[in-house]
Amino acid sequence: MRLGIPAGKRFANLEKLMRINLPTLSLTVALALLLFLSLAPGAFGVTDPRFAFVANANDNTISVYTVNATNGFLRDNGYVVVGAKPSGVTVTPNGKFLYVADSGAANVSAFSVNLQNGELTAIAGSPFAAETGPSTVATDPSGKFLYVANKTSGNISAYTINSSTGALTVVAGSPFSAGSSPAALKVDPSGKFLYVANSGSNNISAYAITSTDGALTPISGSPIDVGTTPVALSIAPSGKFLYVANSGSNNVSAFSLSTSSGVLTAISGSPFAAGTKPSSIAVNPSSKFLYVANAGSNDVSEFTVNPTTGVLAHISGSPVSAGTAPATLAVDSSGKFLFTGNETSGDVSMFTLNTTTGALAAIVPGPTRARKAPVSLVVSSGTTPITYTPSYVFVADFEGGVPTSSVNASSGALTAVKGSPFGSGSPRAVAASPNGKFVYAANGNGTNTVGEYTVDTTTGALTSAGTIASGDSPYSVAIDPSNRFVFAAAINKNGVYAYKINATTGALTAIAGSPFAADITAPDWVAVDPTGRFLMVAEACCANTAGISVYTISPTTGALTAVAGSPFLPPTGTSEPSSVTVDPTGRFVYVANGGSFGTGGVTGYSINASTGKLTLLGALLPAGAAPWGVTTDVTGKFVYITNNDATINGYAISNATGKLTDLKGSPFSATVATRGIAADPSGKFLYLSNGEQLLGYGINAVSGALTELSTSPYTTGLDPLGVCVSGTIK
């Protein structure tokens with residue numbers, strides 16, 4: 001938790017306030033108020049959401065997203081592999097450490113969180129042993145203790161958290177007995193009490209927490225009966241009320257909570273009706289509204305909370321639709337956004353939250369794709385919003401090397417980096433790792449290698465880390481969002497080359513089974529979807545059979561498996577995909593069709609979240625002559641295509657269908673035949689090569705219209721083809 005006033009001044013001001021304005025306030029009440037204010041998120045200034053972490057139960061991963069603090073949009077930021085069947089995830093209040101309940105492995109995976117960019121690093125000793133079937137995890141408000149509900153063994157594991165390293169140490173007496181099949185747990189805002197929903201015995205276990213060591217002692221009257229199959233619970237940030245989602249009886253049990261004893265008392269009118277199979281529940285930071293994810297009815301129930309009694313009342317328009325089988329939901333610390341992880345549809349629905357009425361409205365673009373079966377979600381916060389800043393532009397110069405320029409983050413202007421160009425070979429394409437540490441170049445005609453470079457993140461200078469063999473005439477290279485795998489397509493070799501990245505040196509080693517050759521002919525472009533699950537490969541040959549082959553990517557090894565039905569063809573008479581991209585939500589694929597064997601233009605496909613299969617969105621949309629490159633903007637609203645007739649076509653994406661419509665003013669003029677194209681991470685600028693120079697454009701955030709930068713064009717090599725842009729997250 002981050003507060004807007006330094007701790008010393010905060011407490012001094014509060015003490016002065018109580019002494020002058022509340023002379024009759026008892027010491028006990030004053031101390032209780034002091035504790036509450038010191039713990040309440042955003043009590044002295046609203047905190048900003050920064051990262052969202054999603055546990056994907058069916059492929060043993062945690063997806064990482066950045067959260068746009070203005071509009072709530074989630075942007076993919078990679079993933080990490082954890083233990084078997086992750087079912088619960090939590091982050092410490094200070095955002096430094098992340099813990100995952102691995103239900104299939106009887107342990108807890110632990111990570112330190114880079115507070116600047118969200119990168120996760122395994123903590124020494126991770127994973128830490130739990131009991132069987134750990135279902136969910138929670139920390140206390142101070143971040144001193146971690147508690148794990150072990151569903152199969154019917155108990156609670158307790159740990160102390162090392163404040164420096166995040167390492168876990170088992171609390172004496174752990175595990176502590178609970179009811180049958182504990183499925184959820186929460187610590188109250190004071191840090192004095194722990195409550196556990198026992199899904200098998202239809203009750204709530206309540207414990208007092210020993211402040212010195214985190215040990216648990218059952219509270220008098222525990223357990224407390226609730227509805228059928230309680231699977232989730234939430235405690236109002238005010239500390240006054242506790243609510244339980246009962247999946248079997250389709251309702252919410254409500255209790256008032258004694259802040260002195262922890263005893264629960266049923267609220268008048270409880271239980272309150274919800275949707276079908278309520279699976280998750282949350283109260284917003286102001287304690288005014290409550291939300292329930294209903295896995296059976298694919299929606300979210302919205303309630304107001306009576307601040308005095310805790311009674312729930314449906315908000316007008318409730319429920320609102322979510323994805324299929326929403327298994328988890330979370331409200332961010334600012335109280336402006338709500339997110340649901342939808343287990344069956346494999347995505348995350350995003351909503352704005354009206355702070356006056358509590359009503360939810362779907363965020364566009366959205367939803368955004370997760371990996372397999374997102375079942376738990378948590379949002380971390382900080383004192384500043386996430387910002388993306390462009391750093392460097394890298395160009396594949398077919399006449400030799402990788403010219404590199406720094407980007408002026410305000411104007412988009414480019415300045416050559418000292419020592420540029422770097423390396424050698426005849427690169428046709430170039431890619432920078434998402435973390436900005438490495439650059440890889442597809443060295444085409446002649447050398448037939450992938451060039452490896454490390455990046456001096458301060459100056460932008462490249463240092464060669466060597467080369468690795470690829471097939472004849474590599475045309476394209478792509479890096480997965482976890483910064484671990486590189487994929488290259490060689491047009492004269494019917495296969496995709498796959499490599500693993502050495503995280504320290506950037507050197508590549510071939511992945512077992514590479515090159516992967518199933519269902520592919522003359523590949524000339526590769527792109528990884530934002531989730532890191534699928535690789536899209538454009539085929540250049542042959543007439544009426546050239547399409548997009550799709551591969552699933554193993555999250556552990558990087559090995560590729562062809563998706564049944566590949567290649568997925570464009571409309572009849574349209575062929576030769578020259579470039580392919582995936583939109584930022586991970587739902588749609590767009591292809592520039594060069595037209596050597598038929599009509600040229602852009603085609604779109606939707607991606608099946610479960611299988612990766614592509615479905616054609618409709619007829620070819622015309623572009624300029626012989627389209628070459630394609631990209632989307634970072635917001636998922638626009639698509640841009642470069643053409644051989646010195647133009648750039650721009651299109652708007654329909655959020656509902658993925659279909660494209662021409663932008664006003666399109667096509668936009670360029671000079672000479674345009675080639676490679678890339679948007680910068682901030683979303684403000686677009687850069688493209690024309691075989692002679694690099695051109696820069698400003699992107700209108702509302703209309704998508706392009707305006708050439710006043711400092712454009714830029715000299716970058718003798719024959720610039722591919723282009724990419726790196727950036728930083730702060």
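With hydrogens and angles ignored, the 3.5 Å screen pairs no side-chain donor or acceptor of Tyr605 with any backbone N or O of Ile548. Of the possible polar contacts, none joining the Ser549 side chain to the Ser566 backbone as a donor-acceptor pair under 3.5 Å is found. A distance-only check finds a donor-acceptor pair linking the side chain of Asp645 to the backbone of Ala625 [under 3.5 Å]. Here the side chain of Asp332 pairs a donor or acceptor atom with the backbone of Lys336 at under 3.5 angstrom. The closest donor-acceptor contact from the side chain of Glu539 to the backbone of Gly547 lies under 3.5 Å. Formation of a donor-acceptor pair under 3.5 Å by the Arg587 side chain with backbone atoms of Asn655 is found in this model. Using modelled atom types, no side-chain atom of Asp76 and backbone atom of Gly78 make a donor-acceptor pair closer than 3.5 Å. A distance-only check finds a donor-acceptor pair linking the side chain of Asp633 to the backbone of Gly636 [under 3.5 Å]. Distance alone, capped at 3.5 Å, places no donor-acceptor pair between the Arg50 side chain and the Ala69 backbone. With Ser703 contributing its side chain and Ala705 its backbone, the two residues share a donor-acceptor pair below 3.5 Å.
Residues Thr632 and Ala679 come closest through the heavy atom pair O-CB, 3.9 Å. Residues Gly401 and Pro427 share a closest heavy-atom pair of O-CG, 3.2 Å. Here the closest heavy-atom approach between residue Trp525 and residue Ala489 is recorded as N-CB, 4.2 Å. Ser333 and Ser381 get closest at one heavy-atom pair: OG-CB, 3.0 Å. Annotation for Ser345 and Asn342: closest pair OG-CB, 3.1 Å, computed over non-hydrogen atoms. For the residue pair Val580 and Ala527, the shortest heavy atom distance occurs at O-CB, 3.5 Å.
With rounding to the nearest 0.5 Å, the separation of OG in Ser689 from CH2 in Trp628 is 8.0 Å. With values rounded to the nearest 0.5 angstrom, Asp397 atom CG is found 5.5 Å from Leu718 atom CG. How far CG of Leu688 is from CD of Glu708: 8.5 Å, rounded to the nearest 0.5 Å. Put simply, OG on Ser411 and CG on Leu414 are 8.5 Å apart, with the number rounded to the nearest 0.5 Å. Once rounded to the nearest 0.5 Å, the distance linking CG of Asp680 with OG of Ser726 reads 10.0 Å. Remark: Glu692 CD to Thr674 OG1 distance equals 12.0 Å, nearest 0.5 Å.
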Kindly indicate, with the supporting measurements, whether the criterion side-chain hydrogen bond (donor to acceptor under 3.5 Å, both in side chains) is fulfilled by Thr415 and Tyr714. CA-CA 8 Å; Thr415 303; Tyr714 310 99; over 6 Å; no

Determine, stepwise, if the pair Tyr651 / Val602 fulfils side chain to side chain contact (heavy atoms under 4.5 Å, CB included). CA-CA 10 Å; Tyr651 310 90; Val602 57; 3.6 Å; yes

Which is it for Leu360 and Thr352 under the side chain to side chain contact (heavy atoms under 4.5 Å, CB included) test, yes or no, and what are the steps along the way? CA-CA 6 Å; Leu360 301 178; Thr352 56; over 6 Å; no

Where do Ser334 and Asp48 land on the side-chain hydrogen bond (donor to acceptor under 3.5 Å, both in side chains) test, with the steps shown first? CA-CA 6 Å; Ser334 73; Asp48 290 303; over 6 Å; no

Worked verdict on Asn435 versus Asn117 for side-chain hydrogen bond (donor to acceptor under 3.5 Å, both in side chains): CA-CA 9 Å; Asn435 61 14; Asn117 59 27; over 6 Å; no

Could you walk me through whether Phe337 and Leu353 satisfy the side chain to side chain contact (heavy atoms under 4.5 Å, CB included) test, starting with their C-alpha distance in whole Å, then the side-chain angles of each, then the deciding distance to 0.1 Å, before giving a yes or no? CA-CA 5 Å; Phe337 310 113; Leu353 191 162; 6.0 Å; no

Please determine whether side chain to side chain contact (heavy atoms under 4.5 Å, CB included) holds for the pair Leu462 and Thr454, giving the CA-CA distance in whole Å, both sets of side-chain angles, and the decisive distance to 0.1 Å. CA-CA 6 Å; Leu462 303 184; Thr454 59; over 6 Å; no

Verdict with supporting geometry, Asn608 and Thr615, side-chain hydrogen bond (donor to acceptor under 3.5 Å, both in side chains): CA-CA 8 Å; Asn608 184 294; Thr615 299; over 6 Å; no

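With contacts defined as side-chain heavy-atom distances shorter than 4.5 Å, the pair Val67/Phe339 qualifies. Side-chain contact between Tyr640 and Leu663 is present, with at least one heavy-atom pair separated by less than 4.5 Å. Asp480 is listed as a side-chain neighbour of Tyr79, based on a closest heavy-atom distance under 4.5 Å. Pro365 has its side chain within reach of Lys637: a pair of non-hydrogen atoms, C-beta onward, lies under 4.5 Å apart. For the pair Val477 and Val526, the minimum side-chain heavy-atom distance is 4.5 Å or more. Residues Tyr590 and Ile653 meet the side-chain proximity criterion, which asks for heavy atoms closer than 4.5 Å. For the pair Val563/Tyr551, no side-chain contact is recorded, criterion being any heavy-atom separation below 4.5 Å from C-beta on. A 4.5 Å side-chain heavy-atom check between Phe685 and Leu709 finds at least one atom pair inside the cut-off.
Judged by distance alone, the side chains of Arg428 and Asn443 never bring a donor and an acceptor atom under 3.5 Å apart. Between the side chains of Thr457 and Tyr392, no donor-acceptor pair is found at a separation under 3.5 Å. No side-chain donor from either of Thr574 and Thr599 sits under 3.5 Å from a side-chain acceptor of the other. There is a side-chain donor-acceptor pair under 3.5 Å between Asn690 and Thr671. A donor-acceptor pair shorter than 3.5 Å can be found between the side chains of Asn643 and Thr647.
Just one of Val723, Asn644, Asp719 meets the side-chain contact (heavy atoms from CB on, under 4.5 Å) condition when paired with Arg675; it is Asn644. Screening Ile607, Asp529, Thr585 for a side-chain contact (heavy atoms from CB on, under 4.5 Å) with Arg369, the sole residue that qualifies is Ile607.
Around atom NZ of Lys493, no more than 12 heavy atoms belonging to other residues, nucleotides or ligands sit under 6.0 Å away.
Take Arg371 and apply the salt bridge (Lys or Arg N to Asp or Glu O under 4.0 Å) test, not counting sequence neighbours, and it matches Asp59.
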